[in-house]
Amino acid sequence: MRLTSSLLVASLLLLLLPFSDTKRPGKGRGLRGVRHKLTRDRVRGAGRHSRSRSSRLVAPDCSELTASGEVFVDCQHRRLNSIPPSQTWSQQPKHLLLAHNRIKVLRDGAFSGYEGLTSLDLQQNHITLVEEGAFQGLTQLTTLLLQNNRLGTLSEEVLIPMANLGYLRLHGNPWSCLCSMDSLIRTLQVPSNRNLGTHARCAEPIRLKGIKLKQVDPELLCKEIDPAGQPQGDETEPLFPIEPSHIRTKPDATTSCHTYLFPQVRMDCSHRGLTEVPTGIPDDVVHIDLSHNSISHLRARDFQGARSLRILNVSHNSMENIEKASLSGLLHLRELDLSYNSLHFIQYGVLEDLYFLSQLKLGGNPWVCDYSIHYMVYWLRLHPGVRHSGLLCRSPPEHTGEPVQEYVNSYNRECPRDRQHSRPDPDETDPELWNTPMEVQGELEEELEPSHLKVPQKYQIYRLS
């Protein structure tokens with residue numbers, strides 16, 4: 001009996017033991033508490049894994065390139081919202097290209113780990129704020145491109161860490177020329193900072209709209225504004241600025257075009273509505289794209305500063321004339337695209353400086369096959385290494401569609417009648433008729449004629465037997 005009762009007690013204890021183990025405060029009851037614990041552990045594990053993955057974040061689809069011994073990182077057009085961490089790259093870059101992204105704010109220490117940068121391209125983002133320590137550590141930076149963003153104000157303290165900065169672009173931002181801009185404007189106006197913020201202009205207030213930051217009087221920035229919108233102070237003091245002159249000036253390449261530094265200096269001036277070649281083309285630019293504009297005329301000295309130019313694209317314009325000296329000095333030009341314009345011929349001498357040209361595109365022009373087109377063919381014949389295309393006669397109708405080269409060859413085979421010489425006088429070509437008595441008499445009369453009556457001879461004839 002005792003044995004039976006002890007067995008019953010033991011079996012009851014075994015049944016109750018698992019139930020009491022799962023029933024703990026705060027964990028639910030029974031299997032519900034176990035499920036809660038497992039779920040919690042999975043969440044914690046997932047959090048740990050996500051944090052480890054984020055520490056090894058790789059920027060989407062950026063590329064690394066080494067050129068001339070320097071590392072370029074190209075993250076343009078990648079829809080980035082922030083600066084990729086420096087640990088992403090296999091080597092420390094010298095040039096970081098972040099143009100055409102969606103970056104809005106540059107926080108303090110945004111470029112930590114990028115201390116070796118010499119150029120930084122942030123143009124055409126959505127940047128509205130740059131904190132004072134954003135560029136901390138960039139002591140070797142010489143070029144900073146911040147144009148075409150949404151910056152309204154910037155302090156001088158932002159630039160202090162960049163002691164070697166020599167080239168700064170700020171145009172295309174809606175600058176608010178108020179008291180908060182005082183220190184920056186004074187810095188830009190220092191004579192030694194002539195390449196800092198050259199083309200940036202005020203967007204507000206109205207009285208300063210359109211004036212360059214380098215020309216604004218800093219004393220006007222912090223003046224209080226009365227309800228009428230005018231600065232308070234001495235009423236006899238003239239307001240600055242006087243309305244800008246309406247004299248037409250040529251567009252500036254820096255503000256009209258987008259500049260890219262990767263892998264070489266390139267200017268994109270296409271689809272800008274330009275009617276002439278802009279001024280101020282940098283001397284280190286290698287590639288200029290002026291296509292799809294309304295340029296009708298290339299003038300002398302249009303490219304006088306672009307001594308390093310290797311690729312020039314002026315296709316799809318309305319070009320009718322290229323002056324003789326318009327391409328002079330472009331000794332390193334290798335590719336020239338003149339296609340889809342309104343050119344009838346190329347003037348003599350236009351191509352004479354293009355010693356290293358290797359590709360010439362000429363299609364889509366209404367070439368007129370007459371004597372004026374010969375220069376182009378002769379120049380190409382003297383430069384057999386130049387690959388050319390599109391040189392077809394458009395007029396006159398009898399030569400439409402014919403290659404210009406074939407036209408010139410046929411022209412030389414069949415000399416036109418209007419260029420044939422008149423038949424010579426036999427008296428002038430037959431030696432037997434020379435020195436006749438009548439001819440000798442005429443010569444004697446000429447010799448005996450008084451000197452004051454002699455008419456100066458315009459030509460002198462020598463006969464060679």
Side-chain angles (χ1 to χ4, degrees), residues 52-131 133-151 154 158-159 161-173 195-196 254 257-268 282 284-289 308 310-311:
S52 65
R53 282 197 300 268
S54 64
S55 65
R56 296 191 300 271
L57 178 65
V58 177
D61 199 25
C62 294
S63 58
E64 297 182 62
L65 175 71
T66 301
S68 302
E70 297 187 341
V71 179
F72 291 77
V73 171
D74 183 7
C75 290
Q76 301 178 100
H77 300 276
R78 298 305 195 279
R79 300 183 179 182
L80 299 179
N81 296 313
S82 60
I83 310 300
S86 60
Q87 296 83 3
T88 305
W89 322 119
S90 59
Q91 303 180 67
Q92 284 297 310
K94 283 283 187 180
H95 309 277
L96 181 58
L97 312 174
L98 293 165
H100 292 277
N101 282 295
R102 300 175 179 179
I103 301 170
K104 295 182 179 179
V105 178
L106 298 179
R107 300 289 183 190
D108 290 340
F111 297 96
S112 176
Y114 286 101
E115 286 76 12
L117 283 181
T118 58
S119 71
L120 176 58
D121 188 354
L122 289 162
Q123 63 177 304
Q124 300 183 78
N125 275 273
H126 303 161
I127 300 173
T128 58
L129 173 65
V130 179
E131 295 185 354
F135 301 118
Q136 193 66 40
L138 302 185
T139 56
Q140 299 182 36
L141 198 72
T142 60
T143 300
L144 176 60
L145 308 182
L146 284 170
Q147 69 265 31
N148 299 309
N149 278 284
R150 301 175 184 178
L151 288 167
L154 195 69
V158 170
L159 306 180
M162 298 174 287
N164 292 306
L165 190 65
Y167 202 76
L168 173 65
R169 287 184 173 170
L170 298 171
H171 59 269
N173 287 284
N195 289 324
L196 302 187
T254 306
C257 311
H258 294 314
T259 304
Y260 301 92
L261 301 176
F262 173 82
Q264 294 173 313
V265 182
R266 176 173 65 91
M267 298 194 78
D268 182 7
D284 60 346
V285 68
V286 173
H287 181 180
I288 298 179
D289 185 357
S308 302
R310 285 174 170 78
I311 301 175

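The side chain to side chain donor-acceptor pair (under 3.5 Å) test applied to Glu70 returns His95, not counting sequence neighbours.
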Using atom types as modelled, flag every donor-acceptor pair under 3.5 Å from a side chain in residues 101-109 to any protein atom, sequence neighbours excluded.
{"residue": "Asn101", "atom": "OD1", "partner": "Arg78", "partner atom": "N", "Å": "3.0"}
{"residue": "Asn101", "atom": "OD1", "partner": "Arg79", "partner atom": "N", "Å": "2.9"}
{"residue": "Asn101", "atom": "OD1", "partner": "Leu80", "partner atom": "N", "Å": "3.0"}
{"residue": "Asn101", "atom": "ND2", "partner": "Cys75", "partner atom": "O", "Å": "2.9"}
{"residue": "Asn101", "atom": "ND2", "partner": "Leu98", "partner atom": "O", "Å": "2.9"}
{"residue": "Asn101", "atom": "ND2", "partner": "Ala99", "partner atom": "O", "Å": "3.2"}
{"residue": "Arg107", "atom": "NH1", "partner": "Glu131", "partner atom": "OE2", "Å": "2.8"}
{"residue": "Asp108", "atom": "OD1", "partner": "Gly133", "partner atom": "N", "Å": "2.8"}

**OP:** Given side-chain contact (heavy atoms from CB on, under 4.5 Å), test Val71 with Trp89 step by step and report yes or no.
**Re:** CA-CA 10 Å; Val71 179; Trp89 322 119; over 6 Å; no
**OP:** Any chance you could lay out the side-chain contact (heavy atoms from CB on, under 4.5 Å) test for Leu159 and Leu168, step after step, and finish with the verdict?
**Re:** CA-CA 10 Å; Leu159 306 180; Leu168 173 65; 4.2 Å; yes
**OP:** Apply side-chain contact (heavy atoms from CB on, under 4.5 Å) to Tyr114 and Leu120, showing your working.
**Re:** CA-CA 10 Å; Tyr114 286 101; Leu120 176 58; over 6 Å; no
Original post:
Could you go step by step and tell me if Leu96 and Phe111 meet the side-chain contact (heavy atoms from CB on, under 4.5 Å) rule?
Top reply: CA-CA 10 Å; Leu96 181 58; Phe111 297 96; 4.2 Å; yes
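Between Leu65 and Asp74, the closest side-chain pair of non-hydrogen atoms is not below 4.5 Å. Side chains of Met267 and Pro282 form a contact here, defined as non-hydrogen atoms less than 4.5 Å apart. Residues Val285 and Ser308 have side chains not in contact (no heavy-atom distance under 4.5 Å, counting atoms from C-beta outward). Proximity of Arg169 to Gln123: side-chain heavy atoms (C-beta onward) are nowhere separated by under 4.5 Å. Using a 4.5 Å heavy-atom cutoff, the side chains of Phe72 and Ser119 are not in contact.
Atom CG of Leu122 sits about 9.5 Å away from atom CD of Gln147, to the nearest 0.5 Å. The CD atom of Glu115 sits 9.0 Å away from atom CD of Gln140, with the distance rounded to the nearest 0.5 Å. Taken to the nearest 0.5 Å, the CG atom of Leu165 stands 6.0 Å off from the CG atom of Leu144.
Closest non-hydrogen pair, Gln91 versus Thr66, comes out as NE2-OG1, 4.1 Å. Pairing each heavy atom of Thr259 with each of Leu145, the nearest pair is O-CD1, 4.3 Å. Across Leu146 and Asn149, no two heavy atoms sit closer than the pair O-ND2, 3.0 Å. Contact detail for Ser112 and Ser86: the closest heavy-atom pair is O-OG, 3.6 Å.
A distance-only check finds no donor-acceptor pair linking the side chain of Gln136 to the backbone of Ala134 [under 3.5 Å]. Of the possible polar contacts, none joining the Asn164 side chain to the Leu141 backbone as a donor-acceptor pair under 3.5 Å is found. In this structure a side-chain-to-backbone donor-acceptor pair under 3.5 Å is missing from Asp268 to His258. Between the side chain of Thr142 and the backbone N or O of Thr118, at least one donor-acceptor pair lies under 3.5 Å.
For the residue pair His100/Gln76, the side-chain donor-acceptor check at 3.5 Å is not satisfied.
The side chain to side chain contact (heavy atoms under 4.5 Å, CB included) with Met162 is formed by just one residue from the set Leu138, Thr143, Thr139; it is Leu138.
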